[in-house]
Amino acid sequence: MEKHARIYVAGHRGMVGSALVRKLQAEGYENLLLRTSSELDLRNQAAVAAFFADERPEYVFLAAAKVGGILANNTYRAEFLYDNLMIESNIIHSAYETGVKKLLFLGSSCIYPKMAPQPLKEEYLLSGYLEATNEPYAIAKITGIKLCEAYRSQYGCNFISAMPTNLYGPNDNYDLNGSHVLPALIRKFHEAKVNDQPTVEVWGTGSPRREFLHADDLADACFYLMQHYNGELFVNIGTGEDVTIKELAEIVKATVGFDGELRWNTEKPDGTPRKLMDVSRLHAMGWKHTTDLKDGIEHTYQDFLANEVLYVE
Ligand code: GDP
(Lines give C-alpha, C1' and ligand atoms only; values in the text may rest on other atoms or scores of the structure.)
Protein backbone atom coordinates (compact mmCIF):
# COMPACT_ATOMS: atom_id res chain seq x y z
CA MET A 1 0.00 0.00 0.00
CA GLU A 2 1.45 3.30 -1.10
CA LYS A 3 1.48 6.05 1.56
CA HIS A 4 -0.88 8.27 -0.45
CA ALA A 5 -3.29 5.43 -1.30
CA ARG A 6 -7.02 5.95 -0.76
CA ILE A 7 -7.92 3.51 1.96
CA TYR A 8 -11.49 2.84 3.09
CA VAL A 9 -11.85 1.52 6.64
CA ALA A 10 -15.44 0.29 6.89
CA GLY A 11 -16.60 0.34 10.51
CA HIS A 12 -14.03 2.86 11.75
CA ARG A 13 -15.92 3.72 14.93
CA GLY A 14 -15.96 0.14 16.19
CA MET A 15 -13.26 -1.53 18.25
CA VAL A 16 -11.56 -3.13 15.24
CA GLY A 17 -12.01 -0.27 12.79
CA SER A 18 -10.75 2.33 15.26
CA ALA A 19 -7.68 0.19 15.97
CA LEU A 20 -7.05 -0.05 12.20
CA VAL A 21 -7.30 3.73 11.86
CA ARG A 22 -4.80 4.22 14.75
CA LYS A 23 -2.43 1.76 13.09
CA LEU A 24 -2.70 3.28 9.59
CA GLN A 25 -2.25 6.82 10.94
CA ALA A 26 0.79 5.71 12.96
CA GLU A 27 2.25 4.24 9.76
CA GLY A 28 1.79 7.58 7.97
CA TYR A 29 -1.33 6.89 5.90
CA GLU A 30 -3.38 10.07 5.65
CA ASN A 31 -5.77 9.42 2.82
CA LEU A 32 -8.30 7.47 4.85
CA LEU A 33 -11.93 7.32 3.74
CA LEU A 34 -14.25 7.07 6.73
CA ARG A 35 -18.04 7.14 6.98
CA THR A 36 -20.23 6.72 10.04
CA SER A 37 -23.30 4.49 9.75
CA SER A 38 -25.56 7.55 9.68
CA GLU A 39 -23.54 8.98 6.76
CA LEU A 40 -23.51 5.69 4.85
CA ASP A 41 -25.86 2.78 5.61
CA LEU A 42 -23.81 -0.19 4.47
CA ARG A 43 -26.95 -2.34 4.23
CA ASN A 44 -28.16 -0.10 1.40
CA GLN A 45 -26.88 -1.45 -1.91
CA ALA A 46 -27.43 1.76 -3.91
CA ALA A 47 -25.79 3.94 -1.26
CA VAL A 48 -22.71 1.70 -1.09
CA ALA A 49 -22.42 1.52 -4.89
CA ALA A 50 -22.59 5.34 -5.11
CA PHE A 51 -19.98 5.75 -2.37
CA PHE A 52 -17.50 3.45 -4.17
CA ALA A 53 -18.19 5.07 -7.56
CA ASP A 54 -17.64 8.58 -6.15
CA GLU A 55 -14.75 7.97 -3.77
CA ARG A 56 -12.85 5.22 -5.64
CA PRO A 57 -11.04 3.61 -2.71
CA GLU A 58 -7.94 1.62 -3.72
CA TYR A 59 -7.73 -0.53 -0.58
CA VAL A 60 -10.53 -1.65 1.72
CA PHE A 61 -10.48 -2.98 5.28
CA LEU A 62 -13.93 -4.52 5.81
CA ALA A 63 -14.32 -4.20 9.59
CA ALA A 64 -17.98 -3.13 9.59
CA ALA A 65 -20.37 -5.67 11.05
CA LYS A 66 -23.21 -6.13 13.46
CA VAL A 67 -21.45 -7.78 16.38
CA GLY A 68 -22.21 -8.77 19.94
CA GLY A 69 -21.86 -11.32 22.68
CA ILE A 70 -23.63 -14.60 23.21
CA LEU A 71 -26.96 -13.08 24.33
CA ALA A 72 -27.19 -10.49 21.54
CA ASN A 73 -26.29 -13.08 18.89
CA ASN A 74 -28.92 -15.46 20.18
CA THR A 75 -31.64 -12.79 20.55
CA TYR A 76 -31.26 -10.71 17.38
CA ARG A 77 -30.75 -13.68 15.08
CA ALA A 78 -32.39 -12.09 12.02
CA GLU A 79 -30.42 -8.86 12.33
CA PHE A 80 -27.10 -10.68 12.78
CA LEU A 81 -27.76 -12.63 9.58
CA TYR A 82 -29.38 -9.94 7.41
CA ASP A 83 -27.26 -6.93 8.37
CA ASN A 84 -23.98 -8.80 8.01
CA LEU A 85 -24.94 -10.42 4.69
CA MET A 86 -25.96 -7.06 3.27
CA ILE A 87 -22.89 -5.17 4.54
CA GLU A 88 -20.38 -7.66 3.16
CA SER A 89 -22.21 -8.34 -0.13
CA ASN A 90 -22.58 -4.65 -0.88
CA ILE A 91 -18.98 -3.77 -0.08
CA ILE A 92 -17.37 -6.77 -1.77
CA HIS A 93 -19.45 -6.36 -4.94
CA SER A 94 -18.81 -2.61 -5.15
CA ALA A 95 -15.09 -3.19 -4.54
CA TYR A 96 -15.09 -5.55 -7.53
CA GLU A 97 -17.08 -3.18 -9.73
CA THR A 98 -14.84 -0.20 -9.03
CA GLY A 99 -11.53 -2.08 -9.33
CA VAL A 100 -10.35 -1.99 -5.69
CA LYS A 101 -6.72 -3.23 -5.66
CA LYS A 102 -7.02 -5.21 -2.47
CA LEU A 103 -9.65 -5.90 0.19
CA LEU A 104 -9.32 -7.52 3.60
CA PHE A 105 -12.48 -9.08 5.02
CA LEU A 106 -12.66 -9.70 8.74
CA GLY A 107 -14.57 -12.67 10.11
CA SER A 108 -14.60 -14.41 13.44
CA SER A 109 -13.54 -17.64 15.14
CA CYS A 110 -17.21 -18.62 15.51
CA ILE A 111 -17.21 -19.72 11.86
CA TYR A 112 -15.78 -23.07 12.99
CA PRO A 113 -17.91 -26.09 13.86
CA LYS A 114 -18.84 -26.33 17.54
CA MET A 115 -17.12 -29.67 17.99
CA ALA A 116 -14.12 -29.10 15.71
CA PRO A 117 -10.79 -30.44 16.99
CA GLN A 118 -8.69 -27.87 18.86
CA PRO A 119 -6.72 -25.82 18.03
CA LEU A 120 -8.84 -24.70 15.09
CA LYS A 121 -7.07 -25.07 11.76
CA GLU A 122 -8.32 -23.10 8.76
CA GLU A 123 -9.09 -26.37 6.96
CA TYR A 124 -11.82 -27.27 9.53
CA LEU A 125 -14.22 -24.73 8.03
CA LEU A 126 -17.54 -26.38 7.05
CA SER A 127 -16.60 -29.76 8.53
CA GLY A 128 -19.47 -29.91 11.06
CA TYR A 129 -22.44 -28.21 12.74
CA LEU A 130 -22.10 -24.68 14.08
CA GLU A 131 -22.69 -23.49 17.67
CA ALA A 132 -26.43 -22.73 17.86
CA THR A 133 -26.20 -19.43 19.79
CA ASN A 134 -24.27 -17.65 17.03
CA GLU A 135 -25.18 -19.68 13.94
CA PRO A 136 -26.72 -16.71 12.02
CA TYR A 137 -23.61 -14.57 12.55
CA ALA A 138 -21.33 -17.47 11.63
CA ILE A 139 -23.28 -18.21 8.44
CA ALA A 140 -22.94 -14.55 7.42
CA LYS A 141 -19.19 -14.55 8.12
CA ILE A 142 -18.67 -17.83 6.25
CA THR A 143 -20.51 -16.23 3.33
CA GLY A 144 -18.08 -13.29 3.46
CA ILE A 145 -15.14 -15.68 3.15
CA LYS A 146 -16.84 -17.44 0.25
CA LEU A 147 -17.57 -14.11 -1.48
CA CYS A 148 -13.87 -13.21 -1.32
CA GLU A 149 -12.90 -16.64 -2.66
CA ALA A 150 -15.50 -16.52 -5.44
CA TYR A 151 -14.64 -12.98 -6.58
CA ARG A 152 -10.96 -14.01 -6.61
CA SER A 153 -11.70 -17.14 -8.62
CA GLN A 154 -14.19 -15.69 -11.12
CA TYR A 155 -12.93 -12.12 -11.47
CA GLY A 156 -9.30 -12.26 -10.28
CA CYS A 157 -9.90 -9.84 -7.36
CA ASN A 158 -7.20 -9.72 -4.67
CA PHE A 159 -9.65 -10.12 -1.79
CA ILE A 160 -8.28 -11.81 1.34
CA SER A 161 -9.93 -12.82 4.62
CA ALA A 162 -8.73 -12.97 8.20
CA MET A 163 -10.49 -14.68 11.13
CA PRO A 164 -9.71 -13.06 14.48
CA THR A 165 -10.26 -14.77 17.79
CA ASN A 166 -12.19 -12.99 20.61
CA LEU A 167 -11.02 -9.38 20.76
CA TYR A 168 -10.88 -6.69 23.42
CA GLY A 169 -9.56 -3.14 23.72
CA PRO A 170 -10.60 0.53 23.38
CA ASN A 171 -14.07 1.30 21.98
CA ASP A 172 -15.47 -2.07 22.97
CA ASN A 173 -19.18 -2.50 23.70
CA TYR A 174 -19.92 -2.28 27.44
CA ASP A 175 -23.68 -2.78 27.25
CA LEU A 176 -24.24 -5.81 29.50
CA ASN A 177 -26.95 -7.29 27.29
CA GLY A 178 -24.97 -6.94 24.08
CA SER A 179 -21.34 -7.24 25.02
CA HIS A 180 -18.81 -10.03 25.03
CA VAL A 181 -17.51 -11.47 28.26
CA LEU A 182 -14.34 -9.41 28.77
CA PRO A 183 -15.87 -5.91 28.64
CA ALA A 184 -18.89 -7.21 30.60
CA LEU A 185 -16.61 -8.42 33.40
CA ILE A 186 -14.63 -5.15 33.48
CA ARG A 187 -17.85 -3.19 33.89
CA LYS A 188 -19.47 -5.57 36.39
CA PHE A 189 -16.42 -5.78 38.67
CA HIS A 190 -15.82 -2.05 38.45
CA GLU A 191 -19.41 -1.15 39.35
CA ALA A 192 -19.46 -3.73 42.15
CA LYS A 193 -16.27 -2.24 43.58
CA VAL A 194 -17.52 1.34 43.37
CA ASN A 195 -20.92 0.42 44.85
CA ASP A 196 -19.48 -1.91 47.52
CA GLN A 197 -21.47 -4.90 46.33
CA PRO A 198 -20.56 -8.25 47.92
CA THR A 199 -21.06 -10.38 44.77
CA VAL A 200 -20.84 -10.23 40.99
CA GLU A 201 -22.96 -12.43 38.74
CA VAL A 202 -21.00 -14.26 36.06
CA TRP A 203 -22.71 -16.31 33.34
CA GLY A 204 -22.55 -20.03 32.70
CA THR A 205 -20.34 -22.53 34.50
CA GLY A 206 -17.00 -20.77 33.98
CA SER A 207 -15.53 -23.85 32.34
CA PRO A 208 -15.61 -22.79 28.64
CA ARG A 209 -12.22 -21.76 27.33
CA ARG A 210 -11.66 -18.62 25.25
CA GLU A 211 -8.66 -16.99 23.58
CA PHE A 212 -8.33 -13.19 23.71
CA LEU A 213 -6.39 -10.85 21.42
CA HIS A 214 -5.93 -7.11 21.93
CA ALA A 215 -7.49 -5.02 19.12
CA ASP A 216 -4.18 -3.20 18.52
CA ASP A 217 -2.48 -6.55 17.89
CA LEU A 218 -5.28 -7.45 15.49
CA ALA A 219 -4.82 -4.16 13.60
CA ASP A 220 -1.10 -4.84 13.40
CA ALA A 221 -1.76 -8.33 11.98
CA CYS A 222 -4.28 -6.98 9.44
CA PHE A 223 -1.78 -4.36 8.29
CA TYR A 224 0.84 -7.10 7.97
CA LEU A 225 -1.48 -9.30 5.88
CA MET A 226 -2.45 -6.37 3.66
CA GLN A 227 1.26 -5.85 2.94
CA HIS A 228 2.37 -9.47 2.65
CA TYR A 229 -0.46 -11.95 1.99
CA ASN A 230 -2.25 -12.56 -1.29
CA GLY A 231 -3.58 -16.09 -0.86
CA GLU A 232 -7.06 -17.54 -1.31
CA LEU A 233 -7.28 -19.34 2.03
CA PHE A 234 -8.34 -17.14 4.95
CA VAL A 235 -5.88 -16.70 7.85
CA ASN A 236 -6.55 -17.22 11.57
CA ILE A 237 -5.44 -14.36 13.83
CA GLY A 238 -4.99 -15.09 17.52
CA THR A 239 -2.49 -15.73 20.25
CA GLY A 240 -2.64 -19.53 20.26
CA GLU A 241 -3.29 -19.46 24.05
CA ASP A 242 -6.59 -19.64 25.92
CA VAL A 243 -7.97 -19.42 29.47
CA THR A 244 -11.15 -20.64 31.15
CA ILE A 245 -13.87 -18.06 31.78
CA LYS A 246 -13.19 -18.67 35.49
CA GLU A 247 -9.51 -17.78 35.03
CA LEU A 248 -10.46 -14.72 32.99
CA ALA A 249 -12.86 -13.60 35.73
CA GLU A 250 -10.08 -13.91 38.33
CA ILE A 251 -7.70 -11.79 36.21
CA VAL A 252 -10.31 -9.06 35.67
CA LYS A 253 -11.31 -9.17 39.34
CA ALA A 254 -7.68 -8.67 40.42
CA THR A 255 -7.07 -5.93 37.83
CA VAL A 256 -10.12 -3.97 38.92
CA GLY A 257 -9.44 -4.63 42.61
CA PHE A 258 -12.85 -6.09 43.51
CA ASP A 259 -12.62 -8.28 46.61
CA GLY A 260 -16.09 -9.83 46.79
CA GLU A 261 -17.40 -13.16 45.54
CA LEU A 262 -18.35 -14.51 42.09
CA ARG A 263 -21.82 -16.03 41.64
CA TRP A 264 -22.12 -18.31 38.61
CA ASN A 265 -25.53 -18.13 36.91
CA THR A 266 -25.90 -21.43 35.08
CA GLU A 267 -29.26 -20.36 33.62
CA LYS A 268 -27.16 -18.40 31.11
CA PRO A 269 -25.57 -20.34 28.24
CA ASP A 270 -21.94 -21.47 28.16
CA GLY A 271 -21.80 -21.39 24.36
CA THR A 272 -19.15 -23.38 22.58
CA PRO A 273 -16.82 -25.25 25.00
CA ARG A 274 -13.60 -24.07 23.39
CA LYS A 275 -12.43 -22.10 20.35
CA LEU A 276 -8.67 -21.87 20.33
CA MET A 277 -7.14 -20.78 17.05
CA ASP A 278 -4.30 -22.62 15.38
CA VAL A 279 -2.10 -19.68 14.41
CA SER A 280 0.76 -21.65 12.90
CA ARG A 281 0.18 -20.28 9.38
CA LEU A 282 0.23 -16.69 10.66
CA HIS A 283 3.37 -17.38 12.71
CA ALA A 284 5.02 -19.00 9.69
CA MET A 285 4.27 -15.81 7.71
CA GLY A 286 6.29 -13.89 10.30
CA TRP A 287 3.68 -12.29 12.59
CA LYS A 288 3.10 -12.85 16.33
CA HIS A 289 1.08 -10.88 18.90
CA THR A 290 2.92 -8.75 21.46
CA THR A 291 0.31 -7.85 24.11
CA ASP A 292 0.16 -10.22 27.07
CA LEU A 293 -3.41 -10.84 28.38
CA LYS A 294 -2.85 -9.36 31.85
CA ASP A 295 -1.18 -6.22 30.44
CA GLY A 296 -3.90 -5.88 27.82
CA ILE A 297 -6.65 -6.12 30.45
CA GLU A 298 -4.87 -3.52 32.61
CA HIS A 299 -4.59 -1.19 29.61
CA THR A 300 -8.25 -1.80 28.70
CA TYR A 301 -9.39 -1.11 32.27
CA GLN A 302 -7.51 2.21 32.22
CA ASP A 303 -9.21 3.04 28.90
CA PHE A 304 -12.59 2.11 30.45
CA LEU A 305 -11.95 4.43 33.41
CA ALA A 306 -10.97 7.28 31.11
CA ASN A 307 -14.03 6.85 28.87
CA GLU A 308 -16.64 5.44 31.25
CA VAL A 309 -19.11 8.24 30.52
CA LEU A 310 -18.95 7.43 26.80
CA TYR A 311 -19.04 3.66 27.21
CA VAL A 312 -21.77 3.42 29.84
CA GLU A 313 -24.94 5.34 29.12
P1 GDP B 1 -18.96 -16.31 22.84
O2 GDP B 1 -17.45 -16.36 22.85
O3 GDP B 1 -19.55 -16.17 21.48
O4 GDP B 1 -19.55 -17.45 23.61
O5 GDP B 1 -19.41 -14.94 23.54
P6 GDP B 1 -19.22 -14.22 24.94
O7 GDP B 1 -17.94 -13.49 25.00
O8 GDP B 1 -20.47 -13.39 25.12
O9 GDP B 1 -19.24 -15.35 26.07
C10 GDP B 1 -18.13 -16.16 26.35
C11 GDP B 1 -18.37 -16.95 27.62
O12 GDP B 1 -18.34 -16.10 28.76
C13 GDP B 1 -19.71 -17.70 27.67
O14 GDP B 1 -19.49 -18.96 28.29
C15 GDP B 1 -20.52 -16.80 28.62
O16 GDP B 1 -21.56 -17.50 29.28
C17 GDP B 1 -19.44 -16.37 29.60
N18 GDP B 1 -19.77 -15.18 30.40
C19 GDP B 1 -19.64 -15.08 31.75
N20 GDP B 1 -20.08 -13.90 32.19
C21 GDP B 1 -20.50 -13.20 31.09
C22 GDP B 1 -21.05 -11.91 30.93
O23 GDP B 1 -21.28 -11.16 31.87
N24 GDP B 1 -21.32 -11.52 29.65
C25 GDP B 1 -21.07 -12.34 28.57
N26 GDP B 1 -21.34 -11.88 27.34
N27 GDP B 1 -20.56 -13.58 28.72
C28 GDP B 1 -20.29 -14.02 29.96
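Since this is a predicted model, take the numbers as computed values, not measurements. Numbering of residues begins at 1 and proceeds along the displayed sequence.
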Do NZ/NE/NH1/NH2 and the carboxylate oxygens of [X] and [Y] come within less than 4.0 Å?
| X | Y | answer |
| --- | --- | --- |
| K294 | E298 | no |
| E27 | K23 | yes |
| E149 | K146 | yes |
| E2 | K101 | yes |

Close side-chain approach of [X] to [Y], heavy-atom, < 4.5 Å:
| X | Y | result |
| --- | --- | --- |
| V235 | L225 | yes |
| L62 | I87 | yes |
| I142 | L130 | yes |
| P170 | H299 | yes |
| I7 | N31 | no |
| L33 | V9 | no |
| T165 | I237 | no |
| K275 | Y112 | no |

For [Y], does its backbone N or O pair with a side-chain atom of [X] as donor and acceptor, under 3.5 Å?
| X | Y | answer |
| --- | --- | --- |
| N44 | A47 | yes |
| N195 | E191 | yes |
| N171 | G14 | no |
| E211 | M277 | yes |
| K141 | L106 | yes |
| R187 | L182 | no |
| S89 | M86 | no |
| N84 | F80 | yes |
| E88 | L85 | no |

Flag this pair as yes if the NZ/CZ of K66 is under 6.0 angstrom from the six-membered ring centre of Y137 and inside a 45 degree cone about the axis; otherwise no.
no
Can you get from [X] to [Y] by hopping between Ile, Leu, Val, Met, Phe, Trp and Tyr side chains that sit under 4.5 Å apart?
| X | Y | result |
| --- | --- | --- |
| V200 | I251 | yes |
| V202 | V243 | yes |
| V309 | I186 | no |

For E30, does the CD atom have more than 12 heavy-atom neighbours from other residues, nucleotides or ligands under 6.0 Å away?
no
Kindly check if the number of other-residue, nucleotide or ligand heavy atoms within 6.0 Å of CD (E261) is above 12?
no
Check whether the side chains of [X] and [Y] place a donor and an acceptor atom closer than 3.5 Å, and report yes or no.
| X | Y | answer |
| --- | --- | --- |
| N158 | R152 | yes |
| D217 | T290 | yes |
| Y124 | D278 | no |
| D270 | W203 | no |
| N265 | E201 | yes |
| N236 | K121 | no |
| Y29 | H4 | no |
| E131 | T133 | yes |

With side-chain hydrogen bond (donor to acceptor under 3.5 Å, both in side chains) as the criterion, how do Y311 and D175 come out once you've worked through the C-alpha distance, each side chain's angles and the decisive distance to 0.1 Å?
CA-CA 8 Å; Y311 293 158; D175 162 22; over 6 Å; no
Minimum-distance pair of heavy atoms, taken over all atoms of S207 and T244
O-CG2, 4.1 Å
Just say parallel, tilted or perpendicular for the rings of F189 and F258, cut-offs at 30° and 60°.
tilted
Kindly assign one of parallel, tilted or perpendicular to the pair Y174 and F304, based on the angle between their ring planes and the thresholds 30° and 60°.
tilted
Measuring centre to centre across the rings, with the benzene-like ring taken for any Trp, is F52 within less than 6.0 Å of Y8?
yes
Can you confirm whether or not the ring centre of Y301 sits under 6.0 Å from the ring centre of H190?
yes
As a quick check of understanding, evaluate side-chain hydrogen bond (donor to acceptor under 3.5 Å, both in side chains) for R77 and Y82, giving each step before the final call.
CA-CA 9 Å; R77 297 176 71 88; Y82 178 82; over 6 Å; no
Between T291, L293, D295, which is the residue that forms a side chain to side chain contact (heavy atoms under 4.5 Å, CB included) with H214?
T291
